[in-house]
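Step one of this worksheet: look at the structure below.
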There are 2 protein chains.
Amino acid sequence: MTALSAVTATPVVAVDVAVFTVLSRALHVLLVELRGGPFAGHWALPGGRVRLDESLDAAAARELAAQTGLDDIYLEQLYTFGTPGRDPASRVVSVGYVALIAHGGRFPPRPAGDKYAAVAWRPVAALPPLAYDHATVVATATSRLRAKLEYTNLAYTLLPREFTLADLQEMYEGVLGRVLDRRNFRKRILALGLLRPVGRLRRGAHRPAALYAFRHRRPMLI
Amino acid sequence: MTALSAVTATPVVAVDVAVFTVLSRALHVLLVELRGGPFAGHWALPGGRVRLDESLDAAAARELAAQTGLDDIYLEQLYTFGTPGRDPASRVVSVGYVALIAHGGRFPPRPAGDKYAAVAWRPVAALPPLAYDHATVVATATSRLRAKLEYTNLAYTLLPREFTLADLQEMYEGVLGRVLDRRNFRKRILALGLLRPVGRLRRGAHRPAALYAFRHRRPMLI
DNA sequence: CCAAAAGTGTTACAAGTACACCCATGA
DNA sequence: TCATGGGTGTACTTGTAACACTTTTGG
């Protein structure tokens, strides 16, 4: 056994990040269009190799920041995908991450350099064919996201600092993909005690709505 | 950059398996005593490197079979641990797995070859100091195991083919670490419809108990 | 005054939890 | 006959889901 074969006898370690947002009342995921490699022209999740001196979480945050410019957002390890052949070019074990961001009109940014041909939000309900096993990653991530929305406050990452209960409900409906009863939603959300009434109103075309804010803008279990 | 540094610029990929069983009404985990390396003399979870031609699940199953001789058992990916420095000798990213087996009196086997100095079941409530970050892995695995016991039928892996409801309850209490109300337990378990009455009795020192079996001996959600 | 969104309570049902007594057997 | 574990039912509490009308504003 040569030294070379000894050190190459382990798969490459990478991270893939499924970044979600809600646009037009529908859940969207951030995709990049690959410029080279075996899947050139296909869409994929942003991601890349893990460096030797960084943790997995740090690698995911770094890759995400490189694509969106955002840091300090909700980021959670999802699952690790390591079937041989998922990347036809080499054996890659990829640690999947889930992230949630408010759209805010600033995303997606232009591709940095020429690593990707394009960056775009795509609705989860109608995805293009994805490279590698990224369709599985997105499906797993969507499922996890919906489950966690039910028992955590992670929704705060998707909203501006102040919002109405209708905003919050619309966002929940976008992520969950179904409509919710307005009275039960308000009862349940307010009973959790995660929100604080701002004391001001948002005025619009019709009756003004009370503004709320999350008491804590950091991930915590309910 | 040399070819050598290029191919070594990825962490090593390994699996660690937390194998649980219930012994004397308490949850136990299978540990091995390391013979060499920076943690020689310490206890750790069994595990090892992932080969280039096998999936992560296959690697976990292979390592587990090497330690216990068992295959075709409940095995689930848990979480991936990749903090730099968790292995002082080299950068290792380890995919943690959880397994459940019935004790059956056959385990643990003698260590295979001389890779490990010893193999032993240790109670989760009183673990020795563990190598690497394996205390974290065991804590995460215990938490996952308890959560899944509540909404899956994975308990079947811990019991022989036929058992009494008292056996089943005792096992649940061992895993969960708390006592359960007998009437509510029986009501809930039977209402799930996962069990089939065998139609025979187990005779002992006192009133005989009805024997049951799982309808399906494979992992399925309730 | 009208259209549109905001805001609010009650009832019914299901699920979960607490709790005490009788039964069957071997010793 | 007694000690021991097996077996059962009911009441209460909690959570969840269904459901309709009034209020406030801008146009």
Side-chain angles (χ1 to χ4, degrees), chain A residues 22 24-25 146-153 155 159-160 162-214 221-222, chain B residues 22 24-26 146-153 155 159-214 221-222:
Chain A
V22 175
S24 308
R25 306 191 179 213
R146 287 177 173 156
K148 294 217 87 162
L149 194 64
E150 305 278 16
Y151 63 94
T152 68
N153 72 340
L159 290 172
E162 300 184 354
F163 50 87
T164 67
L165 290 181
D167 293 338
L168 185 64
Q169 180 173 351
E170 183 180 314
M171 188 275 292
Y172 265 74
E173 290 176 341
V175 175
L176 296 176
R178 59 192 167 91
V179 297
L180 303 172
D181 180 89
R182 183 156 39 108
R183 284 160 293 189
N184 291 337
F185 179 80
R186 298 164 81 94
K187 234 182 312 179
R188 186 161 48 89
I189 289 291
L190 293 175
L192 294 174
L194 297 171
L195 300 185
R196 167 176 62 80
V198 170
R200 276 176 288 114
L201 300 176
R202 174 190 295 170
R203 308 192 73 81
H206 301 291
R207 174 171 176 174
L211 286 169
Y212 289 83
F214 281 99
L221 293 179
I222 291 174
Chain B
V22 175
S24 308
R25 305 190 178 213
R146 288 177 173 157
K148 295 217 88 161
L149 194 64
E150 306 277 16
Y151 63 95
T152 67
N153 72 339
L159 290 172
R161 184 164 297 272
E162 300 184 353
F163 50 88
T164 67
L165 291 181
D167 294 337
L168 185 64
Q169 180 173 351
E170 183 180 313
M171 188 274 292
Y172 264 72
E173 291 176 340
V175 175
L176 296 177
R178 60 192 166 89
V179 297
L180 302 172
D181 181 89
R182 182 156 40 108
R183 284 159 295 187
N184 293 336
F185 178 79
R186 299 164 80 95
K187 232 183 314 179
R188 186 161 48 89
I189 289 291
L190 292 176
L192 293 175
L194 297 171
L195 301 184
R196 167 175 62 81
V198 171
R200 277 175 288 113
L201 300 175
R202 175 190 295 171
R203 310 191 72 83
H206 302 290
R207 175 174 175 172
L211 286 170
Y212 290 84
F214 280 99
L221 292 178
I222 293 174

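As a basis for the values below, the full set of heavy atoms in this structure was taken, side chains included, without hydrogen atoms, waters or symmetry mates. The chains referred to below are lettered A, B, ... by the order of the sequence lines, with proteins before strands, and numbering in each begins at 1.
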- Query: Any side-chain N or O of R203(A) under 4.0 Å from OP1/OP2 of dG26(D)?
  - Reply: yes
- Query: Given atom CG of L190(B) and atom P of dT8(D), what is their separation to the nearest angstrom?
  - Reply: 8 Å
- Message: Heavy atoms from C-beta onward define the side chain here; which of dA18(D), dG7(C), dG9(D) lies closest to that of R186(A)?
- Response: dG7(C)
- Message: Within the structure provided, determine whether L159(B) and Y212(B) are in side-chain contact (heavy-atom separation under 4.5 Å).
- Response: no
- Scan E173(A), R178(A), M171(A) and name whichever one has a side-chain contact (heavy atoms from CB on, under 4.5 Å) with V175(A). M171(A)
- Which of dA4(C), dT25(C), dT8(D) is nearest the side chain of H206(A)? It is dA4(C)
- Message: For dA6(C), does the base pair up with any side-chain atom of R207(A) as donor and acceptor (N or O, under 3.5 Å, distance only)?
- Response: yes
- E173(B) CD to dG5(D) P: how many Å, rounded? 14 Å
- Note on the structure: R202(B) CZ to dG7(D) C1', in whole Å, measures 16 Å
- In terms of ring plane angle, is the pair F185(B) and Y172(B) parallel, tilted or perpendicular, where the classes change at 30° and 60°? perpendicular
- Message: What's R188(B) touching, base or sugar-phosphate or nothing? Going by heavy atoms closer than 4.0 Å.
- Response: nothing
- Query: dG7(C) C1' sits how many Å from L165(A) CG, rounded?
  - Reply: 10 Å
- Any L176(B) side-chain heavy atom under 4.5 Å of E150(B) side chain: yes
- Of the candidate nucleotides dA17(D), dC19(C), dT24(D), which contains the atom at the shortest distance from the side chain of P208(A)? dT24(D)
- Item | Side-chain-base donor-acceptor pair under 3.5 Å for K187(A) and dT16(D) | no
- Gap between atoms CG and C1', on D167(A) and dA6(C) respectively (whole Å): 12 Å
- Kindly indicate whether the side chain of T164(A), heavy atoms from C-beta on, has any atom under 4.5 Å from the side chain of L211(A). yes
- Message: Tell me the interatomic distance from N184(B), atom CG, to dA20(C), atom C1', rounded to whole angstroms.
- Response: 13 Å
- Message: Taking the minimum atom-to-atom distance to the side chain of R182(A), which one of dA24(C), dT17(C), dT8(C) wins?
- Response: dT8(C)
- Query: Out of dA20(D), dA24(C), dC19(C), which has the shortest distance to the side chain of R183(A)?
  - Reply: dA20(D)
- Query: For the pair made of CZ in R178(A) and P in dT16(D), what is the distance, rounded to whole Å?
  - Reply: 12 Å
- Which whole-number value in Å describes the distance from D181(B) CG to dT13(D) P? 17 Å
